[in-house]
**Student:** 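My questions all concern the structure below.
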Amino acid sequence: MSQVVTRIAPSPTGFMHIGTARTALFNWLYARGRDGKFYIRIEDTDRKRSTEEANKVIINGLNWLGLNYDGDIISQFERAPRHVEIAEALLKNKKAYKCYSSPEEIQNFKENAKKSGASTLFKSPWRNVDPSEHPDSPYVIRIKSPETGVTNIQDEVQGDIIIKNNQLDDMVLLRSDGSPVYMLAVVVDDHDMGVTHVIRGDDHLNNAARQNLIYHAMGWNIPVYAHIPLIHGEDGKKMSKRLGATSIEEYEREGYPASGVRNYLARLGWSHGDEEYFTDQQALEWFNLDNIGKSPARFNLKKLQFLSGQHIKNTDDAALINEVKNFLKYDKNGSISEDKVELLNASLYCLKDKVKTFSELIDKAAFIFVNIPIKMSHDASLNLDEDAIKMLRTLTLHLSNATWTRDDLEQICNRVSEISGVKFGKLASPIRAALSGQTKTPSVFDMMLVLGRDETIARLNSVQGF
RNA sequence: GGCCCGUUCGUCUAUCGGUUAGGACGCCAGGUUUUCAACCUGGAAAGACGAGUUCGAUUCUCGUACGGGCUACCA
């Protein structure tokens, strides 16, 4: 079999929908897993919607998700002359015809048909009129769809779908202003781009029958179809902005790792036995069309979070630091200085196993980013009463000649809590407050280890008023 | 209205006629514990409904209900 070619064909709406991202991922996995090509084509024939900015949003989304594409991005709009050329070829072959019915006429017909309960399928009276009788007025070009028989869609996901040809109207190919219609453009572009596998949302399933008409009329090979069910929101309805994020950029902003999003999106509607967590390599190796489900899947944030946590845990430190730095441009901290990066790197061992997002990681690493004098949260300050300060004073003394290993620190802390006649928990809270100004932090030992002796003692002193 | 598609624990799914219907997230209980987490152990939890085919249906067929899509000179 020849090389696999897939494509993602988003329309420039100004943001990248999570569903578009998943479709892109499926196409990318299918192509890249088979040494094939993956292209982007922007469906910008509707000029009202498209802007440079909107294209950029799509490209940024794809880049962030790590879906690299081949060649240049293709603009459907720019290919209009070629679409017209095909429409004219069809006209010449008598596979299409000029229709002079006005929009008002058609509108009236449909309204009447609806009222009387008859089929609303418009049958143009111009279908078989000889060109010599054509008026000199605006016209559209319509395809001649077969009046009898059936059109068969062979779909890798949905199975064989049979649509009766009498359900298909003579769709418009070229508008009266001469511009091509989407249905024509898709077929021509897919054919010209050599697309072998059309993996797209199942809202196009019915359209596939119409598109097949054009393939047949041109004598072109029909691509392999895989119409995948759309993603729904947590409530089972279409994903809306009201419930959760719909654009891929929001997940980036919130600090989800791209690898986790890839894993989650791939697993949503597709499966490989019981595998839930997998790497890109595994996804590439395993992904196929056979195991895509037929029913729409609901988006579930908790599972995304779980998987994201797993991916962060399994990312090596150097790569993780890079991703976090990149994420920081969305965080209020902005960028961070090199010495803080070093501290962050040193603390990864006690952070990355426990967080689900980069933003959570930064939160937990807050003790790194504060400086003396440390601003106390209200809850933290409650842990610094007189008795506590006294304990900290004792602790500071013992700490000055500690060897600064975990064992040693634990021993010292235990001794101090013993001397003070309290359980370790009573001592840990003030330490935590002094070191971070917060009540939720990594273990006090981890903080001491990361901060080092000088900084630890300085912070402890600072709450004692030194 | 017509046509097309779908329906297994709350959610994502496994099962390709015979299973105590499996896994994962989430949830609940217990454990670990210096906070928050993370982690460990255990638990509850599903074949939309009704017929038919069959020795036997979650699985095959039909119907109903519910959900979704298409039915544009939108994409």
Side-chain angles (χ1 to χ4, degrees), chain A residues 9-13 43-46 48-49 76 99 101-103 106-107 110 113-115 117-122 138-142 153 155 157-159 161-164 166-169 171-177 179-183 185-186 201-207 209-210 227 229-230 232 234 236-238 264 267-277 291 293-307 309 313 350-351 353-356 360 363-364 379-380 383 413 417 423-429 431-433 436 438-445:
Chain A
S11 34
T13 54
E43 314 238 296
D44 51 0
T45 55
D46 183 0
K48 279 169 293 204
R49 300 193 192 177
Q76 189 158 67
C99 168
S101 297
S102 70
I106 298 170
Q107 183 76 10
K110 293 207 170 175
K114 209 161 212 174
K115 262 182 234 162
S119 166
T120 57
L121 233 56
F122 176 68
Y139 61 86
V140 297
I141 295 181
R142 309 185 94 107
I153 307 164
D155 193 279
V157 174
Q158 309 286 343
I161 311 298
I162 292 162
I163 296 191
K164 294 184 197 72
N166 61 20
Q167 296 293 323
L168 269 22
D169 61 353
M171 65 175 168
V172 171
L173 262 21
L174 243 44
R175 299 187 184 94
S176 52
D177 66 0
S179 67
V181 125
Y182 160 80
M183 215 69 84
V186 181
D202 69 2
D203 49 335
H204 288 291
L205 183 57
N206 286 283
N207 289 336
R210 280 170 246 281
H227 286 95
L230 269 13
H232 286 183
E234 309 234 16
K237 304 272 187 238
K238 258 191 186 172
Y264 177 70
R267 185 65 183 68
L268 194 61
W270 169 81
S271 62
H272 183 78
D274 282 341
E275 303 290 345
E276 301 284 346
Y277 170 89
N291 294 311
K294 288 180 157 196
S295 54
R298 295 185 189 199
F299 192 87
N300 186 256
L301 196 62
K302 291 278 196 213
K303 192 147 186 179
L304 201 215
Q305 290 174 339
F306 171 79
L307 252 12
K313 184 201 289 195
C350 67
L351 296 173
D353 288 3
K354 304 170 184 168
V355 300
K356 296 177 166 70
E360 204 182 325
D363 255 21
K364 279 209 183 320
D379 288 349
N383 291 315
C413 285
S417 53
K423 284 197 167 173
F424 174 61
K426 273 279 178 208
L427 173 61
S429 298
I431 300 177
R432 171 167 299 109
S436 68
Q438 312 225 295
T439 53
K440 298 174 188 174
T441 73
S443 131
V444 293
F445 300 119

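In what follows, every chain begins at residue 1, and chains take the letters A, B, ... in the order their sequences are listed.
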**Student:** Output yes when a side-chain donor or acceptor of A:Arg267 lies under 3.5 Å from a complementary backbone atom of A:Glu275, and no otherwise.
**Tutor:**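 Pair found, side chain donor or acceptor close to backbone of A:Glu275.
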**Student:** Taking atom P in both B:A46 and B:U58, what distance in whole Å separates the two?
**Tutor:**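 B:A46 and B:U58 have their P atoms separated by 15 Å.
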**Student:** Quick one: are A:Lys356 and A:Leu304 in side-chain contact, heavy atoms under 4.5 Å?
**Tutor:**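 A:Lys356 vs A:Leu304: side chains apart.
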**Student:** Of the options B:G1, B:C70, B:G26, whose atoms approach the side-chain atoms of A:Lys302 most closely?
**Tutor:**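 Nearest to the side-chain atoms of A:Lys302, counting from C-beta on, is B:G26.
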**Student:** Taking the side chain as everything from C-beta on, heavy atoms only, tell me whether A:Pro442 gets closer than 4.5 Å to A:Leu351.
**Tutor:**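 The answer is yes; the side chains approach within 4.5 Å.
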**Student:** For B:U19, what is the paired nucleotide under Watson-Crick or G-U wobble rules, both distances under 3.5 Å?
**Tutor:**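 B:U19 is unpaired by these criteria.
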**Student:** Atom NZ of A:Lys110 to atom P of B:C73: distance rounded to whole Å?
**Tutor:**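 Answer to the nearest Å: 6 Å.
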**Student:** If every non-hydrogen atom of A:Ser436 is compared with every non-hydrogen atom of A:Thr441, which pair is closest and at what distance?
**Tutor:**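 Between these two residues, the closest heavy atoms are OG-CG2, 3.2 Å.
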**Student:** Using the C1' atom as the point on both nucleotides, what is the distance between B:G69 and B:U13, in whole Å?
**Tutor:**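 Those two atoms are separated by 23 Å.
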**Student:** Please classify the nucleic acid contact of A:Ser101 as base, sugar-phosphate, or nothing, using heavy-atom distances under 4.0 Å.
**Tutor:**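 The residue A:Ser101 makes base contact.
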**Student:** Scan every strand shown for a Watson-Crick or G-U wobble partner of B:A14, both distances under 3.5 Å, and answer none if you come up empty.
**Tutor:**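 B:A14 is paired with nothing.
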**Student:** Could you work out the separation of B:U61 and B:G6 based on their P atoms and round it to a whole Å?
**Tutor:**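 So the two P atoms sit 10 Å from each other.
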**Student:** Expressed in whole Å, how much space separates the P atoms belonging to B:G67 and B:G18?
**Tutor:**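 To the nearest whole Å, 33 Å.
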**Student:** With sugar-phosphate meaning primed atoms plus P, OP1 and OP2, does A:Met171 contact a base, only sugar-phosphate, or nothing at under 4.0 Å between heavy atoms?
**Tutor:**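 No contact at all - A:Met171 keeps every heavy atom at 4.0 Å or more from the nucleic acid.
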**Student:** Separation of A:Asp169 atom CG from B:C3 atom C1', in whole Å?
**Tutor:**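 After rounding, the gap between these two atoms is 12 Å.
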**Student:** Between the protein and nucleotides 7-16 of chain B, list every N/O to N/O distance that falls short of 3.5 Å.
**Tutor:**
residue: B:C12; atom: OP1; partner: A:Arg298; partner atom: N; Å: 3.0
residue: B:C12; atom: O2'; partner: A:Arg267; partner atom: O; Å: 3.4
residue: B:C12; atom: O2; partner: A:Lys303; partner atom: NZ; Å: 3.4
residue: B:U13; atom: OP1; partner: A:Gly269; partner atom: N; Å: 2.8
residue: B:U13; atom: O3'; partner: A:Ser271; partner atom: OG; Å: 3.3
residue: B:U13; atom: O2'; partner: A:Arg267; partner atom: NH2; Å: 3.2
residue: B:A14; atom: OP1; partner: A:Ser271; partner atom: OG; Å: 3.2

**Student:** A side-chain contact here means heavy atoms from C-beta on lying under 4.5 Å apart; do A:Ser101 and A:Phe122 qualify?
**Tutor:**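 A side-chain contact exists here, since the closest heavy-atom pair is under 4.5 Å.
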**Student:** Taking atom P of B:U35 as reference, at what distance in whole Å does atom CG of A:Leu427 sit?
**Tutor:**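 About 13 Å, once rounded to whole Å.
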**Student:** Roughly how many Å apart are B:C70 and B:A57, using the P atom of each and rounding to a whole number?
**Tutor:**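 So the two P atoms sit 39 Å from each other.
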**Student:** Under 3.5 Å, is there any donor-acceptor pair linking the side chain of A:Thr441 to the base of B:C36?
**Tutor:**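 A donor-acceptor contact between them is absent.
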**Student:** Once you apply the 3.5 Å cut-off to both distances, tell me the Watson-Crick or G-U wobble partner of B:C62, or none.
**Tutor:**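 Base partner found: B:G50.
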**Student:** Which atoms form the tightest heavy-atom contact between A:Ile163 and A:Ala209, and what is the distance?
**Tutor:**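 In terms of heavy atoms, the two residues are closest at CD1-CB, 4.0 Å.
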**Student:** I'd like a table of atom pairs between the protein and nucleotides 30-34 of chain B - only N or O on both sides, under 3.5 Å - with the distance next to each one.
**Tutor:**
residue: B:U34; atom: O2; partner: A:Arg432; partner atom: NH2; Å: 2.4
residue: B:U34; atom: O4; partner: A:Ser443; partner atom: OG; Å: 3.1

**Student:** Choosing from B:U71, B:A75, B:U35, which nucleotide comes nearest the side chain of A:Lys440?
**Tutor:**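 Nearest to the side chain of A:Lys440 among the choices is B:U35.
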**Student:** Strictly by Watson-Crick or wobble contacts shorter than 3.5 Å, is anything paired with B:C9, and which nucleotide is it?
**Tutor:**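 Partner of B:C9: none.
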**Student:** What is the separation between atom CD on A:Gln167 and atom C1' on B:C70, rounded to the nearest whole Å?
**Tutor:**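 Between C1' of B:C70 and CD of A:Gln167: 11 Å.
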**Student:** To the nearest Å, give me how far apart CD (A:Glu275) and C1' (B:G22) are.
**Tutor:**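 Nearest whole value for this atom pair: 14 Å.
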**Student:** Closest to the A:Val140 side chain: B:U71, B:A75, B:C73?
**Tutor:**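 Taking heavy atoms from C-beta onward, the closest nucleotide is B:C73.
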**Student:** Give me the distance, rounded to whole Å, that separates B:A24 from B:U15 when you measure between the C1' atoms they each carry.
**Tutor:**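 About 16 Å, rounded to a whole number of Å.
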**Student:** Using purine N1 to pyrimidine N3 plus N6-O4 or O6-N4 for Watson-Crick, or N1-O2 and O6-N3 for G-U wobble, both under 3.5 Å, which nucleotide pairs with B:U34?
**Tutor:**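 Its partner: none found.
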**Student:** Given atom CD1 of A:Ile161 and atom C1' of B:U71, what is their separation to the nearest angstrom?
**Tutor:**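 Going from CD1 in A:Ile161 over to C1' in B:U71 covers 17 Å.
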**Student:** On RNA chain B, nearest-nucleotide positions of A:Ser179 versus A:Leu307: which is more 5'?
**Tutor:**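 Looking at RNA chain B, the more 5' nearest nucleotide goes with A:Leu307.
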**Student:** How far, in whole Å, is B:G47 from B:U8 if one measures between their P atoms?
**Tutor:**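 Approximately 10 Å lies between the P atom of B:U8 and that of B:G47.
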**Student:** Ring centres of A:Tyr264 and A:Phe306 under 6.0 Å apart?
**Tutor:**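 Aromatic pair excluded; centres sit 6.0 Å or further apart.
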**Student:** In whole angstrom, give the distance that lies between atom NE2 of A:His227 and atom C1' of B:G68.
**Tutor:**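 A:His227 atom NE2 is separated from B:G68 atom C1' by 15 Å.
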**Student:** Give a yes/no on whether any side-chain N or O of A:Thr45 is located under 4.0 angstrom from OP1 or OP2 of B:A75.
**Tutor:**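 True: A:Thr45 side-chain N/O within range (under 4.0 Å) of B:A75 OP1/OP2.
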**Student:** Heavy atoms from C-beta onward define the side chain here; which of B:C73, B:C4, B:U71 lies closest to that of A:Asn207?
**Tutor:**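 The answer is B:U71, which lies nearest to the side chain.
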**Student:** In whole Å, I'd like the distance from the CG atom of A:Asp155 to the P atom of B:C70.
**Tutor:**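 It is 16 Å, rounded to the nearest whole Å.
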**Student:** Quick one: look up who B:G1 pairs with, Watson-Crick or G-U, both distances under 3.5 Å, and put none if it's unpaired.
**Tutor:**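 Partner of B:G1: B:U71.
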**Student:** Is any side-chain heavy atom of A:Asp363 less than 4.5 Å from a side-chain heavy atom of A:Lys440?
**Tutor:**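 SC-SC contact between A:Asp363 and A:Lys440 ruled out.
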**Student:** Each nucleotide N or O in nucleotides 37-42 of chain B that has a protein N or O under 3.5 Å away: list the pair and distance.
**Tutor:**
residue: B:A37; atom: O2'; partner: A:Lys354; partner atom: O; Å: 2.9
residue: B:A38; atom: OP1; partner: A:Lys356; partner atom: NZ; Å: 2.7
residue: B:A38; atom: O2'; partner: A:Asp353; partner atom: O; Å: 3.4

**Student:** Any base atoms under 4.0 Å from A:His204, or only sugar-phosphate, or nothing? Heavy atoms, all strands.
**Tutor:**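 Touches a base.
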**Student:** Watson-Crick or G-U wobble partner for B:G42, using a 3.5 Å limit on both distances?
**Tutor:**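 Looking at the geometry, B:G42 pairs with B:C28.
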**Student:** Measure across A:His227 and A:Gln158 and return the closest heavy-atom pair with its distance rounded to 0.1 Å.
**Tutor:**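 For A:His227 versus A:Gln158, the nearest heavy atoms are O-NE2, 2.9 Å.
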**Student:** At their closest point, which heavy atom of A:Val444 faces which heavy atom of A:Ala428, and how far apart are they?
**Tutor:**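 It is CG1-O, 3.7 Å.
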**Student:** Which pair of heavy atoms, one from A:Cys413 and one from A:Phe424, lies closest together, and at what distance?
**Tutor:**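 Taking A:Cys413 first and A:Phe424 second, the nearest heavy atoms are CB-CE1, 3.6 Å.
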**Student:** If I compare all heavy atoms of A:Val157 with all of A:Gly293, which pair ends up nearest, and what's the gap?
**Tutor:**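 That would be CG1-O, 3.9 Å.
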**Student:** For a 4.5 angstrom cut-off between non-hydrogen side-chain atoms, does A:Pro229 reach A:Asp202?
**Tutor:**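 Contact flag for A:Pro229/A:Asp202 side chains = yes.
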**Student:** Quantified in whole Å, what is the C1' atom distance between nucleotide B:A45 and nucleotide B:C39?
**Tutor:**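 That atom pair is separated by 24 Å.
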**Student:** Do the side chain of A:Asp44 and the main chain of A:Gln76 share a donor and acceptor less than 3.5 angstrom apart?
**Tutor:**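 Yes: the side chain of A:Asp44 pairs with the backbone of A:Gln76.
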**Student:** Please evaluate residues A:Val186 and A:Glu43 with respect to the criterion side chain to side chain contact (heavy atoms under 4.5 Å, CB included), reporting the C-alpha separation (whole Å), side-chain torsions for both, the decisive distance (0.1 Å), and the verdict.
**Tutor:** CA-CA 8 Å; A:Val186 181; A:Glu43 314 238 296; 4.2 Å; yes
